Amino acid sequence: MPRSVRPTASPWPNSDMREGERAAKRDAVLRTAARFFNQRGYHATSLDDVAAALNVTKPTIYHYFANKDEILYECTRRGLDEIAAIARSTAGQNGTAADRLRQMLTAYALIMLDDFGICVSRTQDHLLSPESRRGFRALKREIDLLVRQVIAEGVADGSLAVPDVRMAAFTAGVALNGLGTWFRPDGPVGAEETARLTVAVLMNGMCPPPRTSTSTEETTE
């Protein structure tokens, strides 16, 4: 009976390892491209820049993405997907709508201060192809509707007081989407504190004023 052969460790990755390596390389391309887009702008960034920063050739980039438009869309989709996922999760939690809204907006703000979120804030959708533009706008609409939903629930449960739900959601969205246009990582205030302070301003404008109670003391002569 033949003896079993003891295999040596294979230098070739299995399918799971290959998929993991591919995902890691795609992520590296996207994050590097996002940083170039954020610093230089979309038109001033070439795929040669991205390839050189990663120490690869431009054809290597094309192994993972068809063109620069696809890379830009994927960068913005990453940011919007993260916000949408947080918004879906938070919208379905327990607690007052005001508490859920604060949690949602804080997570939203922090994502907008990351590479992909900054890319969202600095990307004008006309830069995208028509197909990518539709996806970009659809994700933004979903996020807006989720924010509106929680604000409306806050008005219903009394934890929020706004004259117009749509306007309140729009104002919050503009404030948070604008973070990436002026925030500087090397500035005097870090990302977490910037997110906290921004959300505090928004929530202060939507929460009802605290109730004041007056008590009368009866005195006897």
Side-chain angles (χ1 to χ4, degrees), residues 30-31 33-42 75-125 136-137 139-213:
L30 290 176
R31 193 163 290 277
R35 289 172 179 170
F36 272 107
F37 295 152
N38 296 341
Q39 292 171 9
R40 297 184 180 179
Y42 176 72
C75 287
T76 58
R77 187 186 64 78
R78 285 283 185 96
L80 291 172
D81 271 350
E82 290 179 14
I83 296 169
I86 288 290
R88 294 184 204 112
S89 172
T90 309
Q93 291 178 3
N94 296 324
T96 67
D99 289 340
R100 287 183 283 126
L101 183 65
R102 185 184 300 276
Q103 182 180 345
M104 179 188 291
L105 297 185
T106 300
Y108 189 155
L110 286 170
I111 293 168
M112 292 305 299
L113 297 171
D114 184 46
D115 293 324
F116 295 129
I118 292 172
C119 195
V120 171
S121 70
R122 298 185 182 184
T123 296
Q124 297 174 323
D125 60 9
F136 182 84
R137 290 176 176 176
L139 279 168
K140 280 199 161 185
R141 280 195 302 271
E142 180 186 3
I143 293 166
D144 176 64
L145 290 173
L146 287 165
V147 174
R148 286 194 210 181
Q149 173 190 323
V150 178
I151 294 175
E153 290 171 0
V155 173
D157 70 17
S159 63
L160 296 173
V162 299
D164 187 294
V165 170
R166 177 176 173 274
M167 189 64 67
F170 178 76
T171 301
V174 169
L176 298 180
N177 290 335
L179 287 174
T181 64
W182 58 263
F183 175 75
R184 294 293 178 268
D186 57 351
V189 181
E192 290 189 5
E193 185 67 0
T194 297
R196 186 188 70 79
L197 292 173
T198 302
V199 173
V201 171
L202 292 171
M203 293 302 299
N204 286 344
M206 290 189 280
C207 289
R211 294 181 180 179
T212 58
S213 59

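Only a predicted model underlies this, so the values are computations on that prediction, with no experimental measurement involved.
With values rounded to the nearest 0.5 angstrom, Thr194 atom OG1 is found 10.0 Å from Arg196 atom CZ. Separation of atoms CH2 (Trp182) and CZ (Arg184) is listed at 10.0 Å; rounding is to 0.5 Å. With values rounded to the nearest 0.5 angstrom, Phe136 atom CZ is found 5.5 Å from Leu80 atom CG. To the nearest 0.5 Å, atoms OG1 (Thr198) and CD (Glu193) are separated by 9.5 Å. Between the CG atom in Leu105 and the CD1 atom in Ile86 there is a gap of 12.0 Å [rounded to 0.5 Å]. Arg148 contributes atom CZ, which lies 11.0 Å from atom CZ of Arg141 (distance to the nearest 0.5 angstrom).
Side chain of Asn38 to backbone of Arg122: no donor-acceptor contact under 3.5 angstrom is found.
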With a 3.5 Å cut-off and sequence neighbours excluded, list the donor-acceptor pairs that the side chains of residues 162-169 form with protein atoms.
residue	atom	partner	partner atom	Å
Asp164	OD1	Arg166	N	3.0
Asp164	OD1	Met167	N	2.8

Using distance only, find each side-chain donor-acceptor pair of residues 94-101 under 3.5 Å and give its atom names and separation, not counting sequence neighbours.
residue	atom	partner	partner atom	Å
Thr96	OG1	Asp99	N	3.2
Thr96	OG1	Asp99	OD2	3.1
Arg100	NE	Gln93	O	3.4
Arg100	NE	Gly95	O	3.4
Arg100	NH1	Ala91	O	3.0
Arg100	NH1	Glu153	OE1	2.9
Arg100	NH2	Glu153	OE1	3.0

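Between Arg137 and Asp144 there is no salt bridge, since none of the side-chain N atoms of the basic residue sits less than 4.0 Å from a carboxylate O of the acidic one.
Using a 4.5 Å heavy-atom cutoff, the side chains of Glu82 and Val120 are not in contact. Within the 4.5 Å cutoff, no side-chain heavy atoms of Arg31 are placed close to those of Arg78.
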task: Could you give me the CA-CA distance, side-chain angles and deciding distance for Phe116 and Leu30, then say whether side-chain contact (heavy atoms from CB on, under 4.5 Å) is met?
output: CA-CA 9 Å; Phe116 295 129; Leu30 290 176; 3.9 Å; yes
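Heavy atoms only, all atoms of each residue included: Ala109 and Val199 are closest at CB-CG2, 4.4 Å. Taking both residues in full, the closest heavy atoms of Ala195 and Leu110 are given as CB-CD2, 3.8 Å, listed atom of the first, atom of the second, then distance. Closest approach of Cys75 and Phe37 over heavy atoms only: SG-CE1, 4.4 Å.
Under the side chain to side chain contact (heavy atoms under 4.5 Å, CB included) rule, Ile111 has a single partner from Leu179, Thr106, Ile83, Asp81, which is Ile83.
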